[in-house]
Amino acid sequence: MPELPEVETILNGLSAALAGRRIISTEVRRDLRWPVPDDLSIRADGKKIGATTRLGKYMLISLMRGPTLLIHLGMSGRIRITPKPEKGPAYRPLTHEHVSILLDNGTYIGLVDPRRFGCLLLADAGRERDHVLLRSLGADPLEPEFDAAYLYARLNRKRAPIKTALLDQRVIAGLGNIYVCEILYRAAINPQRLASSLSMDEIALIARVTPEVLREAIGAGGSTLRDYVDAQGKPGAFQDLHLVYGREGEPCPECPGYPACGGIRRVVQSGRSSFFCPRRQPPLSLEDA
DNA sequence: CGAGACCCCTGGCTGC
DNA sequence: TGCAGCCAGGGGTCTC
């Protein structure tokens with residue numbers, strides 16, 4: 001579910017709730033994709049919360065004089081913040097609220113994840129990038145190291161389709177199916193073209209458009225397709241601004257030929273749907289054909 | 001190195 | 001209304 005903009009939006013809300021707080025206790029009711037570490041309570045309870053950051057789709061919550069919590073929301077994960085009620089019923093976890101963290105102001109931070117594709121793990125402070133899940137991640141597209149030269153170096157020898165290459169978290173950390181489709185549409189590049197067939201100019205265009213799309217999505221509060229909501233429980237609005245994702249058969253804004261052109265097309269690549277406009281994003285080179 | 005299949009798991013929607 | 005089948009925003013592992 002959550003791609004970079006959704007994670008960023010959730011993390012903003014979560015950071016506000018965590019700022020200056022201390023963890024009183026943690027409770028794990030069910031394991032996630034990987035078992036939540038047995039020593040979570042031992043290492044986290046009583047610790048004051050430090051900086052909260054994001055790396056691709058991972059949220060990193062550092063604990064002072066303690067480890068760093070690594071949280072990935074998978075497909076269906078979300079964060080539920082439950083402030084201490086003035087009066088009335090006590091906190092009750094939701095059906096799929098598998099982990100709860102009680103803060104010193106009575107707020108509960110819940111990790112809700114019906115499909116349990118997400119995870120909560122611990123990394124050693126100061127060596128987070130050495131963690132097995134983080135060490136092979138590529139550049140985060142909102143960080144300065146991400147630019148045309150970086151992207152070109154990562155793509156110019158890749159024989160995979162550009163769509164698949166951009167989904168590879170080792171190339172760029174944070175993109176998912178929705179935003180790759182939107183980025184390639186904006187850059188007017190066919191998702192089936194081989195990454196190695198793209199010119200420097202085309203890659204530079206992708207490098208320019210990527211942070212633009214992500215920042216716009218963050219500004220809109222992310223994309224809500226099914227049950228995504230931010231840490232306050234509010235849905236995003238960027239799905240209304242999707243130009244191609246989920247719009248098979250609909251006209252693309254750039255296409256004067258609709259309906260004769262058939263509108264937005266959908267193809268399956270590596271098991272994931274790709275949406276594109278065949279006129280704006282032509283297949284092009286012989287190498288790709 | 002890359003493609004594709006399979007796996008993790010649940011809920012929502014569609015069509016019969 | 002019931003139910004089977006398909007689909008989904010992620011990603012790790014294995015084989016070819």
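Labels below follow one simple rule: chain letters A, B, ... track the order of the sequence lines, proteins then strands, and each chain is numbered from 1.
R170(A) comes within 4.0 angstrom of nothing in the nucleic acid, heavy atoms only. Backbone-only contact: P161(A) has heavy atoms under 4.0 Å from sugar-phosphate atoms and none from a base. Backbone-only engagement by Y245(A) is indicated by non-hydrogen atom pairs under 4.0 Å involving sugar-phosphate atoms exclusively.
With sequence neighbours excluded, the residues that form a salt bridge (charged side-chain N to carboxylate O under 4.0 Å, His left out) with D130(A) are R127(A). Every residue meeting the side chain to side chain contact (heavy atoms under 4.5 Å, CB included) condition with L94(A), not counting sequence neighbours, appears here in chain and number order: R78(A), R80(A), E97(A), V112(A). Remark: R65(A) engages no residue in a salt bridge (charged side-chain N to carboxylate O under 4.0 Å, His left out) (not counting sequence neighbours). With sequence neighbours left out, N12(A) forms a side-chain hydrogen bond (donor to acceptor under 3.5 Å, both in side chains) with no residue at all. Qualifying side chain to side chain contact (heavy atoms under 4.5 Å, CB included) partners for T52(A), counting only residues two or more places apart in sequence or in other chains: L11(A), S15(A), L18(A), I61(A). For D240(A), the side chain to side chain contact (heavy atoms under 4.5 Å, CB included) partners are A237(A), not counting sequence neighbours. Applying the side-chain hydrogen bond (donor to acceptor under 3.5 Å, both in side chains) criterion to Q169(A), with sequence neighbours excluded, gives no partner residue. With sequence neighbours left out, D113(A) forms a side-chain hydrogen bond (donor to acceptor under 3.5 Å, both in side chains) with S76(A).
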Distance-only check: which donor-acceptor pairs under 3.5 Å involve side-chain atoms of residues 114-123 of chain A, not counting sequence neighbours?
from	atom 1	to	atom 2	distance (Å)
R116(A)	NH1	D31(A)	O	3.2

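Between chain A and DNA chain B, the heavy-atom contact criterion of under 4.0 Å yields a 5' to 3' nucleotide range of dG2(B) to dG11(B).
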(message) At under 4.0 Å between heavy atoms, how does the protein contact nucleotides 11-16 of chain C? Give one character per nucleotide, 5' to 3', with B, S or -.
(response) BS----
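Between the C1' atom of dA8(C) and the CD atom of E3(A) lies a distance of 12 Å, rounded to the nearest Å.
Of the P atoms belonging to dA5(B) and dC6(C), the separation is 15 Å, rounded to the nearest Å. With C1' as the reference atom, dG9(C) and dA3(B) are 22 Å apart, rounded to whole Å. Taking atom C1' on both dC3(C) and dC8(B), the two are 24 Å apart, rounded to the nearest angstrom.
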(request) Whenever both distances are under 3.5 Å in a Watson-Crick or G-U wobble pair, mark it; put DNA chain C into dot-bracket that way, with [ ] for crossing pairs and | when the partner is on another strand. (result) .|||||||.|||||||
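Remark: S273(A) is not in phosphate contact with dC7(C), judged by side-chain N or O atoms under 4.0 Å from OP1 or OP2.
Taking the six-membered ring where the residue is Trp, Y91(A) and Y108(A) present parallel rings, their angle staying beneath 30° rather than reaching 60°.
Under the 3.5 Å distance criterion, the side-chain polar atoms of E250(A) are left unmatched by any main-chain donor or acceptor of R247(A).
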